[in-house]
Amino acid sequence: MAEFQAPKGVPEYFPPRSSAFLAVREALAHPARCAGYGYIELPVFEDTSLFVRGVGESTDVVSKEMYTFLDRGGRSLSLRPEGTAGVMRSIVENRLDKGALPVKLWYAGPFFRAERPQHGRYRQLQQVGLEAVGSDDPALDAEVIAVADEAYRRLGLSAYRLDLTSLGCAECRPAYREQLMAFLERCDLDAATRERAASNPLRVLDDKRESVQAQLVDVPVMVDALCEACSTHYDAVREFLRDASVEWSEAPRLVRGLDYYTRTTFEFTHEMLGAQSGIGGGGRYDGLMESLGGASLSGIGFGLGTDRTLLACEAEGLDVAADGLVDVFVVPIGPAARRVAVGVATQLRGAGIRVDMAYGDRGLKGSMKAADRSGAPLVVVIGDDEVQSSSAQIKNMADGAQETVTLESLVADVGARLSQKGTL
RNA sequence: GUGGGUGUAGCUCAGCUGGUAGAGCGCCGCGUUGUGGUCGCGGAUGCCGCGGGUUCAAGUCCCGUCACUCACCCCA
């Protein structure tokens, strides 16, 4: 065992898998940029109270999964467990809400939850997310969902599903909540579940245990208790989703772990990931900004799990990072050639071509082996003969064909061959 | 936080009822003079997770510990 180990539950990505990680993150962010979302870079820690107020004191995320510490001034800070609260804070603090609405922002980076690690559940997790604040147009709900769906589709994923429901609003949810609590009162539940039913009854709905689900067959659901406004809103969202050709399943018992959600709520799950199947989710949060001291603006957003999406791609056998690391591999034979090779590699790199070369004195055979492993489609070979004649050999690794070109035209010749292959 | 499983070469793993370690892949080299991928030959690499105990003897049994892993809980 190595003397030092990464903290428990923290995934690390290094070659070759890190290429796939980057590709996934890029694929998740791309649709957001295509839809007019601007990038926001946020602190990874905030005042603890921001999360307590924003995410909700009764949530597991805040009550037992935060990394909280005191700074030297005695302030309580926490590593961010999710992204929305921080985005809201920044919008209010920087007066973004005074500008054009809706404010549309995307972000990416690490989040932290002190949970027991599991396949796809990490203490440092990567997410790509977005928020759209300042409009309750149901078309915006549909846009956010369609953007997430496009992100997964773009990667080639197919074994996933979208669950959708509406959680109502401050008008209709309290009454439903009463109704639900009354129903749960009559159920036979263990102490822990009973406690949850009292503090956050909705969360009992997605309890996985058979013993609990069996009692919930006739449980009242929120979608049947929506007020006029919420019902109209939800109908419109679904219509727009049809217009956007997004497929979903009605999930009246869908519950999310964060308290701020209202109205439209959704979750993407992948069927090949085991217990940690959620690959992304989000929803509307109409009262959040106001509760954080901002204007009374509604908002909607999502968070997509980068780690889990990568796992999903791997489970489906998708080759996300089809591209190799380099385009050209330079092989010098002998010390004189090495000096030429260093210059050649630098020139090629200056032209934007990705180049690696053979280091150490491993001989031509070994160098060619290294060239092969690098995955470069082209190899530039330089020996004493080439040094004498100021030339180089360009070898095409796919068919073994080799041609002599002058050093002056090398960069252009390599460029031409690469663009012919479509690698540039 | 609760329960189950596993920890042996870089990787995947084999080591039966205790006798001081193996395979495949990978890696390095060779198969003559300047060319990779196939094939053949050769080679290097292990505090058998860590600590303790039983024993003449422990990778193999017992206890502890750490790590990883699966599930619950929760969520991305």
Side-chain angles (χ1 to χ4, degrees), chain A residues 1-11 24 28 55 58-65 81-84 108-129 148 152 160 190 192-193 195-196 200 203-204 206-212 254-258 267-270 273-282 302-312 329 331-334 337 358 360 362-387 393-402:
Chain A
M1 186 166 54
E3 185 180 358
F4 293 109
Q5 286 179 276
K8 188 188 185 77
V10 175
V24 167
L28 295 181
V55 179
S58 71
T59 62
D60 286 38
V61 167
V62 165
S63 64
K64 52 188 194 194
E65 295 172 359
E82 59 94 58
T84 304
F111 297 86
F112 306 85
R113 293 179 196 170
E115 303 178 276
R116 186 84 174 250
Q118 210 175 311
H119 182 62
R121 186 172 75 179
Y122 305 116
R123 291 185 167 181
Q124 175 175 312
L125 57 113
Q126 296 278 341
Q127 235 174 285
V128 172
Y152 296 127
Y160 70 93
D190 61 277
T193 310
E195 220 169 278
R196 201 177 316 144
N200 198 339
R203 305 245 313 282
V204 178
D206 71 343
D207 194 306
K208 283 175 189 162
R209 288 169 298 182
E210 268 302 320
S211 58
V212 176
L254 176 64
V255 182
R256 313 220 63 246
L258 314 180
E267 189 168 270
F268 290 87
T269 52
H270 194 274
L273 290 186
Q276 309 306 317
S277 61
I279 54 175
F302 67 54
L304 309 181
T306 313
D307 311 281
R308 287 188 186 174
T309 302
L310 172 58
L311 290 172
F329 198 90
V331 172
I333 312 166
R362 43 187 344 199
L364 181 56
K365 209 178 173 78
S367 296
M368 284 306 294
K369 200 166 182 176
D372 184 52
R373 261 195 303 260
S374 78
L378 295 181
V379 172
V380 170
V381 182
I382 300 168
D384 290 336
D385 297 350
E386 286 74 20
V387 172
Q393 305 281 332
I394 300 179
K395 176 163 187 165
N396 181 332
M397 292 300 269
D399 58 16
Q402 193 164 315

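A note on names: the letters A, B, ... follow the listed sequences, proteins ahead of strands, and every chain is numbered from 1.
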Side-chain donor/acceptor of [X] to base of [N], under 3.5 Å:
X: A:D372; N: B:G36; result: yes
X: A:R116; N: B:C72; result: no
X: A:Q118; N: B:C73; result: yes
X: A:R308; N: B:C75; result: yes
X: A:E115; N: B:G1; result: no
X: A:Q402; N: B:U35; result: yes
X: A:R113; N: B:A76; result: yes

By the 4.0 Å heavy-atom rule, please label A:F268 as base, sugar-phosphate, or nothing. nothing

Under 4.0 Å, heavy atoms only, any strand: does A:G400 hit a base, just the sugar-phosphate, or nothing? base

Using purine N1 to pyrimidine N3 plus N6-O4 or O6-N4 for Watson-Crick, or N1-O2 and O6-N3 for G-U wobble, both under 3.5 Å, which nucleotide pairs with [N]?
N: B:A67; answer: B:U6
N: B:G22; answer: B:C13
N: B:G31; answer: B:C39

Does [N] have OP1 or OP2 sitting under 4.0 Å from an N or O in the side chain of [X]?
X: A:R362; N: B:C28; value: yes
X: A:R256; N: B:A76; value: yes
X: A:K8; N: B:C68; value: yes
X: A:H119; N: B:U69; value: no
X: A:R373; N: B:C28; value: yes
X: A:K365; N: B:G29; value: no

Out of B:C28, B:U35, B:C75, minimum distance to the side chain of A:Q393 belongs to B:U35

Picking from B:C73, B:C28, B:G34, the nucleotide nearest the side-chain atoms of A:L364 would be B:G34

Rounded distance [0.5 Å steps], OG in A:S367 versus CG in A:D372: 12.5 Å

Find the distance between NZ (A:K8) and CZ (A:R123) and round it off to the nearest 0.5 Å. 6.0 Å

Only counting residues at least two apart or in another chain, list the ones meeting salt bridge (Lys or Arg N to Asp or Glu O under 4.0 Å) with A:K64. A:D60

